[in-house]
Amino acid sequence: MKSIASAPGKIILFGEHFVVYGMKAVLCSIDKRITATSQFIDEKVIRIRSSLGESEISIDSLDNLGKVQQKFMKPFFYVAQKAIKENSIKNGIEIVLESEIPPGVGLGSSSAACVAVTASVNGLFSKLSKKDVVKIAIQAERTIFEQNSGADSSVSTFGGLVSYDLKNGFGDITSRNDLNFIISNSAQVHNTQDVVRQVRIFKEKNEDLFNRLCREETDIVDDATSSLKENDLHKLGSLMLKNHDLLKQIGVSTEKIDLLVHEAKKTSYGAKITGAGGGGCIISLVDNSNSEDTLNNLRKISDCFVTKIDYSGLRYS
Ligand code: PMV
């Protein structure tokens, strides 16, 4: 018997970094997924296979996560060990991961993988609700990223367009927009924790400026929320450009990213960094009238693809 589940990646439309200091962010899941397929095997191991590598650990000890060599796989072993312990089984489990989401560029691939693996492994015993999946997926991700807010796993599990802030958590954005984005990858590897640290230093050295930028970000997010209700693409695009400018001011853009935004701006409604910056990806807002032109233009200088909002979140198949 095979248990198959898939979960989407995500993009941040507005508010990255400022969300760390209590401002509101807007994010959505995208129609690029990671699929996890789990099955019992006779060998006494947990085995994980993915395009990024293969790894296995014995099930003789269910307390050996420290031995996992490839750090990104630790959450998946955690999920499988937990399921084996709780269901007292003697078999091993093999998990195969297939991904449409480029890794390590801020598109939520590791959270999507945690969600898909949690649903798929536990589905071998009994299907968990989305609420239970997200709880375990967040615990799993904390085995490698302790400070993880859970925002990415939540949007991946439930899907759609949401707002998020530290005090109130998630809020639904009631309009069901059919937005299309082009995601362009700068091919510059970034490390979210390093970039977040760099912004903290910037904030400490420039308190007044940073407070002003936080207020500007709040206005952008408020305007964006109304523009989403009206589905006003021109307004949303110009707010994205404004948001990009704030991200530039706090020092998280790069020359390559600015070049991508500059090019995207020529034909799309607007563009900005998505996620931590310091490399990673930009998003450009498009529709049928300008998608092809923007794609052709950006393809000359980056890997890019079109994506839209995913409203289904975690799926069992
Ligand atoms: O690049 P990502 O998807 O890891 O986004 C990080 C978003 C930040 O606001 C920069 C950090 C955070 O924890 O919210």
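When reading the values below, keep in mind they use all heavy atoms of this one structure, side chains included, and skip hydrogens, waters and symmetry mates. Small disclaimer: the values here were computed from a predicted structure and weren't measured.
Looking only at side-chain heavy atoms (C-beta outward), Val252 and His17 come within less than 4.5 Å of each other. Between Lys90 and Lys44, some side-chain heavy-atom pair lies under the 4.5 Å cut-off. The closest side-chain heavy-atom distance from Ser110 to Phe145 is not below 4.5 Å. Side-chain contact between Ser38 and Ile95 is present, with heavy atoms from C-beta onward closer than 4.5 Å. Side-chain contact between Val199 and Val20 is absent, with no heavy atoms from C-beta onward closer than 4.5 Å. Proximity of Tyr316 to Val133: side-chain heavy atoms (C-beta onward) are separated by under 4.5 Å at one or more points. You'll find the side chain of Ser153 reaches within 4.5 Å of the side chain of Glu141, heavy atoms only. Within the 4.5 Å cutoff, the side chain of Leu246 has heavy atoms near those of the Phe18 side chain.
Residue-environment remark: CD (Glu86) exceeds the threshold of 12 foreign heavy atoms within 6.0 Å. Counted within 6.0 Å of NZ on Lys256, heavy atoms from surrounding residues, nucleotides or ligands total more than 12; the atom is thus considered enclosed. The environment of Asn288 atom CG is sparse: at most 12 non-hydrogen atoms of other residues, nucleotides or ligands sit within 6.0 angstrom. Atom NZ of Lys130 is surrounded by more than 12 heavy atoms from other residues, nucleotides or ligands within 6.0 Å. More than 12 heavy atoms of other residues, nucleotides or ligands sit less than 6.0 Å from atom CG of Asp219. Annotation: Lys74, atom NZ; neighbour count of heavy atoms from other residues, nucleotides and ligands within 6.0 Å is above 12. Summarising the local packing, CD of Glu230 is surrounded by more than 12 heavy atoms from other residues, nucleotides or ligands at distances under 6.0 Å. Sparse packing is recorded around NZ of Lys229, with 12 or fewer heavy atoms of other residues, nucleotides or ligands lying under 6.0 Å away.
Between the Lys10 side chain and the Gly106 main chain, a donor and an acceptor come within less than 3.5 Å of each other. Checking side-chain atoms of Ser50 against main-chain N and O of Leu52 turns up a donor-acceptor pair under 3.5 Å. Panel note: side chain Asn177, backbone Leu228; a donor-acceptor pair is recorded below 3.5 Å. Distance alone, capped at 3.5 Å, places no donor-acceptor pair between the Thr143 side chain and the Gln139 backbone. Within the 3.5 Å criterion, the main-chain N or O of Gln193 finds a donor-acceptor partner in the side chain of Asn191. A distance-only check finds no donor-acceptor pair linking the side chain of Asn122 to the backbone of Ala83 [under 3.5 Å]. Looking at Asn290, its side chain does come within 3.5 Å of a backbone N or O of Asp287 through a donor-acceptor pair. Looking at Ser186, its side chain does come within 3.5 Å of a backbone N or O of Gly280 through a donor-acceptor pair. A side-chain donor-acceptor contact under 3.5 Å links Arg33 to the backbone of Gly313. In this structure a side-chain-to-backbone donor-acceptor pair under 3.5 Å is present from Ser238 to Lys235.
Atom CD1 in Ile46 sits 6.5 Å away from atom CZ in Phe77 (nearest 0.5 Å). Distance check, rounded to the nearest 0.5 Å: CG of Leu314 to OG1 of Thr118 gives 9.0 Å. In this structure, Leu161 CG and Leu179 CG are separated by 7.0 Å, a value rounded to the nearest 0.5 Å. Between atom CD of residue Gln81 and atom CD1 of residue Ile93 there is a gap of 10.5 Å, rounded to the nearest 0.5 Å. For the atom pair CD of Glu54 and CG of Leu97, the computed distance is 11.5 Å after rounding to the nearest 0.5 Å. Between the CG atom of Asp293 and the OG1 atom of Thr267 there is a distance of 6.0 Å, given to the nearest 0.5 Å.
A side-chain donor from one of Ser312 and Asp310 sits under 3.5 Å from a side-chain acceptor of the other. For the residue pair Ser227/Asp232, the side-chain donor-acceptor check at 3.5 Å is not satisfied. With 3.5 Å as the limit, one finds no donor-acceptor pair spanning the side chains of Ser55 and Gln69. A donor-acceptor contact closer than 3.5 angstrom links the side chains of Thr307 and Asp31.
In this structure, Phe181 has its ring center no closer than 6.0 Å to that of Tyr269. Between Phe158 and Phe170, the gap from one ring centroid to the other reaches at least 6.0 Å.
Clustering ILVMFWY residues whenever any of their side-chain heavy atoms sit less than 4.5 angstrom apart, transitively, puts Ile301 in the very cluster that holds Leu295. Under the 4.5 Å side-chain heavy-atom criterion for Ile, Leu, Val, Met, Phe, Trp and Tyr, Val195 and Tyr21 are members of the same hydrophobic cluster. Val45 and Val79 fall into different hydrophobic clusters, where Ile, Leu, Val, Met, Phe, Trp and Tyr side chains are chained together by heavy-atom contacts under 4.5 Å. Leu13 is connected to Phe305 through a chain of hydrophobic side-chain contacts under 4.5 Å among Ile, Leu, Val, Met, Phe, Trp and Tyr, so both are in one cluster.
In this structure, Arg197 pairs ionically with Asp194, as a charged nitrogen and a carboxylate oxygen lie closer than 4.0 Å. Note on Arg47 versus Glu56: salt bridge recorded, some NZ/NE/NH1/NH2 to OD/OE distance being below 4.0 Å.
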Derivation of the side-chain contact (heavy atoms from CB on, under 4.5 Å) call for Asn243 and Glu16:
CA-CA 9 Å; Asn243 195 155; Glu16 51 275 268; 4.1 Å; yes

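For the pair Ser29 and Pro8, the tightest heavy-atom approach, listed with the atom from each and the gap, is CB-CG, 3.7 Å. Shown here for Ser109 and Ile34, the closest heavy-atom pair between the two residues is O-CD1, 3.4 Å. Between Gly270 and Leu241, the shortest heavy-atom contact is CA-CG, 4.0 Å. Listed here is the closest heavy atom pair of Leu27 and Ala151: CD1-O, 4.4 Å. Closest heavy-atom contact between Leu236 and Ala224: CD2-O, 3.8 Å. Residue Cys114 comes nearest to Pro75 through the heavy atom pair SG-CB, 3.6 Å, listed as atom of the first residue, atom of the second, then distance.
The side chain to side chain contact (heavy atoms under 4.5 Å, CB included) test with Ile201 is passed by exactly one of Lys203, Gln198, Lys205: Lys205.
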